[in-house]
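Below is one structure, written out as structure tokens; the observations come after it.
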Amino acid sequence: MSKHIRLGILTPSSNTSLEPLTQSLIAPLQTVTVHFSRFPVVKISLESDALSQFQTEPILAAARLLADANVDIIGWSGTSSGWLGFEADEALCGAITEATGIPATTSVLALNKACKKFGVERLGLVTPYVDDVQDAIVKTYGSLGIEVSEERHLGLSKNTAFAEIGEEVLDGMVAEVVRGRTSEAKGVQAITTFCTNLRAAQRVSFWEKEHGVPVFDTVATVVWDMLRHCEVNTAPLRDWGVLFRKA
């Protein structure tokens, strides 16, 4: 009999996309369930009140609730270390494990693993964020040696607004990132839809077929990394993108 795996997901309180997307993603896995715990996040900006949403203690409180359910791993399904710096997620994972005894990962740390696995040096970035947040993400990825060679963003800061962005808008943004600004520029080697309140993960396979490059959605990356840690075969999730098909 296969071992039952419980995934614990930390969720921004105003997010309405990642829970249904994550449930749909893991649906083909009969021995895996996913469980959620929220902490307050209502806007994304570099203003002090927005940055303070990601202090460690409220997140740890949510993680301790997941620990009550005996989850096998805890994942932060969020992209805050894109502008706070990757060390923020590394420290958070360490704090979660110290507090609960449960291993932890995040959407962004998982994305970085995917970029390394696929040898990505030029990344296309699609987000709903405001200018200075987008600039910070570009700079953070530069510190990893990954050039964000093409990007598109929508200038939004209210988290609930992100979930209202339609597929047709995202289709256009992804296509623009693939085409690039000039014919002389080297093309992107992969694209990330970088926000867990975007309804984007269900569109990944379409974009990959349409444009011929891997697409790493941040709702999907954390699930992928959690399943890998738990040694779950991700082949049944092949319809969610090449990330789940490549061993």
[Y] backbone acceptor or donor facing [X] side chain under 3.5 Å:
X	Y	answer
Q53	A50	yes
E176	R152	no
R245	R238	yes
D225	L109	no

Filter on ring pair (Phe, Tyr, Trp, His ring centres under 6.0 Å), then keep only pairs touching residues 32-62, sequence neighbours left out; what's left? F39-W76
Rounded to the nearest 0.5 Å, how far does CG of N159 lie from OG of S13? 8.0 Å
In Å and rounded to the nearest 0.5 Å, what is the CZ to CD distance from R179 to E150? 10.5 Å
Would [X] and [Y] count as having a side-chain donor-acceptor pair, cut-off 3.5 Å?
X	Y	answer
S45	Y129	no
H229	T105	no
D239	S205	no
D132	W83	no
T196	N15	yes
Q134	T127	yes

In this structure, would [X] and [Y] fall into the same cluster of hydrophobic residues linked by side-chain contacts under 4.5 Å?
X	Y	answer
F118	V215	yes
L125	L154	yes
L51	L60	yes
L237	F206	yes

Any [X] side-chain heavy atom under 4.5 Å of [Y] side chain:
X	Y	value
D217	T192	no
L66	L10	yes
K117	L243	no
L29	I5	no
P103	I74	no
T218	S77	no

Centroid-centroid under 6.0 Å between F216 and W224 rings: no
Heavy atoms only: give me the nearest [X]-[Y] pair and the separation to one decimal.
X	Y	result
V120	A190	CG2-CB, 3.7 Å
S149	V188	OG-CG1, 3.4 Å
V223	T22	CG2-CG2, 3.8 Å

Show your working on side chain to side chain donor-acceptor pair (under 3.5 Å) between E121 and Q189 and close with a plain yes or no. CA-CA 7 Å; E121 296 177 346; Q189 295 168 306; 5.0 Å; no
Is it true that atom CD of E98 has more than 12 heavy atoms of other residues, nucleotides or ligands lying nearer than 6.0 Å? no
